[in-house]
Structures are given as structure tokens and as C-alpha cells.
Number of protein chains: 2
Amino acid sequence: MSGAGPVDPAALAARAALLADRTRATFCLALIDGRAWTAGELARHAGVAPSTASVHLDRLVRAGLLVTERQGRHRYLRLAGPEVARTVETLAGGAGPAPVPPGLRASRAASRLAAARTCYDHLAGALGVTLFDGLVADGLLTTTDGLALTPPGRAWFTALAGPDPLPRTGRPVVRACLDWTERRHHLAGAAGAVLCRALFAHGWVERGRDRRSVRITEAGRAALPDRLTVALPS
Amino acid sequence: MSGAGPVDPAALAARAALLADRTRATFCLALIDGRAWTAGELARHAGVAPSTASVHLDRLVRAGLLVTERQGRHRYLRLAGPEVARTVETLAGGAGPAPVPPGLRASRAASRLAAARTCYDHLAGALGVTLFDGLVADGLLTTTDGLALTPPGRAWFTALAGPDPLPRTGRPVVRACLDWTERRHHLAGAAGAVLCRALFAHGWVERGRDRRSVRITEAGRAALPDRLTVALPS
DNA sequence: GGGCGAATTCGCTGCCCGGCGAAACGTTCG
DNA sequence: CGAACGTTTCGCCGGGCAGCGAATTCGCCC
């Protein structure tokens with residue numbers, strides 16, 4: 001992740017060596033959709049002993065290709081960023097896909113949006129992840145250098161939930177919560193709660209049959225895309 | 001160069017392994033500007049024995065990263081194509097350059113255009129290479145599946161040198177000739193001869209002091225860019 | 001607190017592969 | 001035709017590294 005001199009053979013070789021192993025390549029390809037996996041899952045997926053996987057994962061993390069996140073006794077691993085995904089894809093397939101699929105990588109979420117639910121006081125499941133992605137894609141949230149709400153993001157929340165929707169309290173305004181079904185982040189913190197309440201208040205989402213399950217209403221399906229770049233199921 | 005399945009860890013690892021060696025990485029970086037080097041030069045450049053370099057080069061050629069061209073007792077090696085250069089750059093430097101610098105990689109030629117000369121009956125040196133690049137960039141020549149003149153290219157030659165400038169004779173219409181100063185191709189064959197004669201006839205180039213040396217005239221400097229996408233020295 | 005499961009550390013083994021020099025091959029030049 | 005040169009093939013050596021199992025640490029749950 002350093003600046004990297006323009007042409008250093010040793011650096012190039014070192015980077016390539018990271019992907020030059022079948023097991024590590026399997027890991028990176030599995031992680032390429034941006035989801036987080038546990039170390040054990042990756043080991044099983046690649047067909048190697050957990051100890052072997054641990055060493056490889058450690059190497060990939062040190063090199064900055066992967067980032068790690070502990071949750072309980074699990075260790076979740078994700079690609080460090082889209083640039084890494086781009087590099088892996090460039091090397092894997094001949095012709096890489098368009099640099100930045102403008103719509104976001106939310107297509108996968110479509111078939112599972114039914115898994116929307118609440119998590120404490122905010123939205124989780126595929127819906128939560130989709131909203132999180134949309135907020136980031138539209139520049140309302142920034143993930144560089146930690147998670148933060150941007151000025152446009154603050155304005156967006158005001159437009160959504162009325163004046164001063166995020167009073168200064170002890171609670172963090174935004175927090176990334178790792179979603180245990182989607183293996184990706186959704187929005188928690190005060191803003192996550194405001195977002196959840198607002199969506200219910202507008203009638204864009206409603207409770208499903210069993211507690212915690214949530215589904216999008218027709219009104220929400222119509223109104224949400226006007227507010228946010230999201231791909232909802234047809 | 002096969003189609004390559006979308007996600008094959010082994011294939012990814014194999015490709016990465018090609019660049020995962022310091023010596024091979026040095027080779028690819030040296031070749032990244034598109035010029036051709038001899039095997040011995042590359043060996044010296046990387047600081048390894050010729051025998052060692054030979055094995056590495058053979059591997060890179062087999063994998064389709066490099067293409068080879070024998071000329072006398074020398075063996076010239078070039079990157080197989082711009083996609084390869086793009087892959088190497090992606091992996092080498094963090095942010096790669098723009099996918100296709102529209103103007104072509106002719107900037108390097110600018111400072112050495114004085115090296116223009118004739119080679120038998122066609123133009124060589126930096127001028128020859130620049131013209132060749134321009135013909136390819138403008139779609140007048142195609143290098144996919146061997147060198148060939150496209151229909152627009154045929155029209156272009158007619159506009160340049162009058163009706164039926166390329167009568168059907170035994171001689172190949174277009175031929176790529178490896179330029180020994182620029183280490184890249186210039187245009188030979190019947191079309192190369194026509195191009196050379198036409199440029200002299202229009203007064204766009206003229207003989208220099210010593211035989212075989214050529215220089216561009218002011219008229220040529222003004223007229224050539226109207227015909228072809230080329231970067232001439234200021 | 002005890003037990004379980006996930007993850008990591010450690011030591012070891014085996015193999016892959018990059019390096020070299022010597023010799024063979026082909027081309028160019030005197 | 002013989003010498004010089006660029007390149008390739010061959011055999012060998014050495015180091016690096018991926019793999020495993022055993023032991024250890026740590027967090028969670030009954």
C-alpha cells in the first residue's frame with residue numbers, strides 16, 4: 001500500500017508472488033465479491049489445514065491485500081479494497097470487467113432481499129447491506145480512514161428524517177456492523193437507527209410475519225431509488 | 001491466451017507465478033515500452049547468466065506473455081501485446097496509466113526523430129516506427145492475425161499516391177521489418193516503398209547529409225498530421 | 001469453572017525451482 | 001574454412017516455501 005516506485009522489479013515480483021500460490025489464489029478469488037469469510041471457511045474452501053490457511057492469510061494481511069476483523073472467536077477476512085479486486089481480476093481473467101460497474105455490486109443481493117431484518121434498532125440483512133453500499137456509492141458515507149458521515153450525507157439524513165436528526169449524544173453517529181448473513185457491513189450507530197425509523201415512518205418498509213423480519217413495501221420500492229443509488233429486486 | 005474460465009485459482013496462480021520471479025519481472029518491466037530486446041541484453045540487464053535468461057524467456061514465450069522474432073543470430077523479444085503491458089503495469093504500480101493513451105506511445109520517438117533513414121526502399125528509424133504506429137492507430141493497418149492493410153488503409157494509400165498505388169505483384173504488400181535502432185517494427189513491403197516514395201515526392205521528407213539519412217521538412221511537419229495520427233518533434 | 005471449538009504457533013519434511021557452468025548448435029565475419 | 005559470438009540444452013546444487021500434525025491460546029457457552 002505504499003506509494004510504490006514506478007518500476008521496481010523486486011516489488012513487482014513480491015506482489016505477484018502473493019497470488020502465485022494456488023491456495024492464496026483460491027482465497028482471493030473467493031473474496032473477490034467483497035464479502036467477508038472466516039479463516040476456517042477459507043481453509044475448508046481451499047482444501048488445506050487450518051494451520052496452513054492461517055499462515056497464508058497472515059501473509060496476505062501483512063501485504064495489505066486483505067483486512068481482518070475479529071468478531072467473537074471468529075476472524076473475518078475481506079479484500080482490502082476495490083483496487084485489490086481489480087488487480088486480482090486483471091490477472092485472473094484476460095479482459096477485466098469495466099473498471100467500476102456504476103450500479104454497484106448489488107446484483108447479488110437482489111435474490112435475497114427477503115432476508116431483510118432488523119438488528120437491534122437498525123436494518124440488517126441484504127437490505128441493510130444494500131443501503132450501506134448505496135450510501136457509500138453516493139458519497140454520503142466515506143470509508144476511507146474509518147467510517148464517517150460526509151456533509152452531503154448529513155444533509156441527506158436531514159432531508160429524510162427532519163431537522164437535526166442526529167443530535168450529539170454519547171453514541172457514535174455511524175458505525176459499521178458486520179452482517180452475519182451477508183458477511184458484509186451494514187450501517188449501525190445513531191444514523192443506522194435514524195435510517196431504520198425513517199424507513200418505517202415513511203411506510204417504505206414494514207414488519208414481516210415473524211419478529212425481526214422486514215420487507216420492502218411498494219411505496220418503498222418506488223421511493224427509495226429516488227433517494228439513493230440502490231438496486232432493488234424487480 | 002486461451003479464453004480462460006472466469007475463476008480458476010490454478011490459472012490465476014500460474015499467471016502470477018510468471019511475474020513472481022525477480023528476473024522475469026525485470027524482463028517484463030524492461031520490455032514494457034513495447035521495444036524488442038535481444039536475449040543477451042535482457043540477461044545482462046537482469047544480471048543473470050545467458051543460460052538462465054534463456055530458460056526464463058522460454059517460459060514467458062510459452063505462456064504467451066512474450067513473442068519472439070529471430071533475426072540472424074539474434075533473438076528479439078517483445079511483449080505480446082498491450083494487454084500484457086497493462087497487466088504488468090497494474091501489478092507493478094499502484095495506479096496504472098490511462099488504459100489506452102490515445103496518442104500512442106510515440107512520445108519517446110520525439111527526441112530521436114533525427115535518426116530517420118531509409119532501409120532499402122522504405123523508411124526506417126524513429127520516423128519509420130512512428131509512421132507504422134500511426135497507421136496502426138488509425139486503423140489503416142491491422143496487426144491482429146498477421147499484418148494486413150485494411151480497406152480504409154488501401155483508400156489512404158490511394159489518396160496519398162494516386163490511383164492503384166499497390167499493383168498486385170509477387171511482392172508482399174505489407175511486411176513488418178524489425179528496426180534495429182528502435183527495436184520496433186516499421187513498414188516494409190510494397191506499401192512501405194510507396195509510402196517512402198510518396199513522402200519524398202510531396203517534399204515532406206528529404207535526404208540528409210550522408211546517404212540513407214533522412215529528415216522531415218517543414219512542409220512535411222505541417223502536412224503529415226493531417227493525414228495520420230503521429231506525434232512529430234516540436 | 002469446565003469443556004468445546006476456532007484460530008494460531010511451532011517444528012519438521014519434502015519438493016519445486018532458480019541459479020550456474022560446460023558443452024552443443026547455428027550464424028556471421030574474416 | 002575457421003574463429004568468434006549469440007543462444008540453447010543439460011546436469012547439478014542450494015534455498016525457499018507450502019504442507020501437515022501437535023501443542024497452545026483465546027473466547028464462548030453450558
Side-chain angles (χ1 to χ4, degrees), chain A residues 9-31 35-63 65-78 177-178 180 183, chain B residues 9-31 35-63 65-78 178 180-181 183:
Chain A
L12 169 56
R15 287 201 199 191
L18 291 172
L19 297 175
D21 174 79
R22 192 199 170 107
T23 300
R24 287 194 296 269
T26 303
F27 289 168
C28 290
L29 286 175
L31 293 166
R35 300 196 312 163
W37 294 48
T38 68
E41 283 174 331
L42 287 169
R44 252 172 286 125
H45 177 67
V48 296
S51 59
T52 303
S54 183
V55 174
H56 285 305
L57 292 172
D58 191 50
R59 215 176 134 176
L60 291 171
V61 169
R62 278 172 191 273
L65 284 189
L66 266 47
V67 289
T68 194
E69 190 163 345
R70 304 210 75 111
Q71 193 140 315
R73 58 184 166 185
H74 294 281
R75 182 197 189 191
Y76 284 93
L77 294 137
R78 292 193 339 267
C177 178
L178 191 57
W180 50 264
R183 307 298 181 80
Chain B
L12 169 56
R15 288 201 199 192
L18 291 172
L19 298 175
D21 174 79
R22 191 199 170 106
T23 300
R24 287 193 295 269
T26 305
F27 289 168
C28 290
L29 286 175
L31 293 166
R35 301 197 312 164
W37 293 49
T38 68
E41 283 174 329
L42 287 169
R44 252 170 285 126
H45 177 68
V48 296
S51 59
T52 303
S54 183
V55 174
H56 285 303
L57 293 172
D58 191 50
R59 214 175 134 177
L60 291 171
V61 169
R62 279 173 191 272
L65 284 189
L66 266 47
V67 289
T68 195
E69 191 162 346
R70 303 210 74 111
Q71 194 141 313
R73 58 182 165 186
H74 294 280
R75 182 199 190 189
Y76 285 93
L77 294 135
R78 294 194 336 270
L178 190 57
W180 52 263
T181 55
R183 306 299 180 82

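We name chains A, B, ... by the order of the sequence lines, and we start the count at 1 in each one. Predicted model only: the values in this text are computed from it and were never measured.
The line from CG of A/L42 to CZ of A/R75 is 10.0 Å long, rounded to the nearest 0.5 Å. Atom OG1 of A/T38 is separated from atom CG of A/L57 by 9.5 Å, given to the nearest 0.5 angstrom.
Going from atom CG of B/D21 over to atom C1' of C/dC16 covers 13 Å, rounded to whole Å. Distance, A/R44 CZ to C/dG5 P: 13 Å, rounded to whole Å. Rounded to a whole Å, the CG atom of B/L18 is 11 Å from the P atom of C/dC17. Summarising the geometry, the separation between CG on A/D58 and C1' on C/dA6 is reported as 16 Å, rounded to the nearest angstrom. The distance between atom CZ of B/R59 and atom C1' of D/dT8, rounded to the nearest whole Å, is 17 Å. Protein atom OH of B/Y76 is 16 Å distant from nucleotide atom P of C/dT27, rounded to whole Å. In this structure, A/L57 atom CG and D/dA18 atom P are separated by 13 Å, rounded to whole Å. One can place CD of A/E41 at 8 Å from P of C/dA7, the figure rounded to the nearest angstrom.
Remark: B/R75 is in phosphate contact with D/dT8, judged by side-chain N or O atoms under 4.0 Å from OP1 or OP2. For C/dG19, the OP1/OP2 oxygens have no side-chain nitrogen or oxygen of B/T52 closer than 4.0 Å. Side-chain N/O atoms of B/T38 include none lying less than 4.0 angstrom from OP1 or OP2 on D/dG6.
In this structure, A/T26 contributes its side chain and A/R22 its backbone to a donor-acceptor pair below 3.5 Å.
Taking every side-chain heavy atom of A/H56 into account, D/dA18 is the closest of D/dT7, C/dA7, D/dA18. If you check C/dG21, D/dG19, D/dT7 against the side chain of B/R70, the one that comes closest is D/dT7. In the set C/dG21, C/dG18, D/dC20, the nucleotide with an atom closest to the side chain of B/A49 is C/dG21. Of the listed nucleotides (C/dC4, C/dA22, D/dG19), C/dC4 has the atom at the smallest distance from the side chain of A/R73.
In this structure, A/D21 and A/R59 have side chains that are not in contact, with every pair of non-hydrogen atoms separated by 4.5 Å or more.
Taking the six-membered ring for Trp and thresholds of 30 and 60 degrees, A/F27 and A/H56 have ring planes more than 60 degrees apart, a perpendicular arrangement.
No hydrogens or angles were tested; on distance alone, a donor-acceptor pair under 3.5 Å links the side chain of B/S51 to the base of C/dG21.
Each of A/H74 and A/V55 was matched to the nucleotide of DNA chain C holding its nearest heavy atom; the match closer to the 5' end belongs to A/H74.
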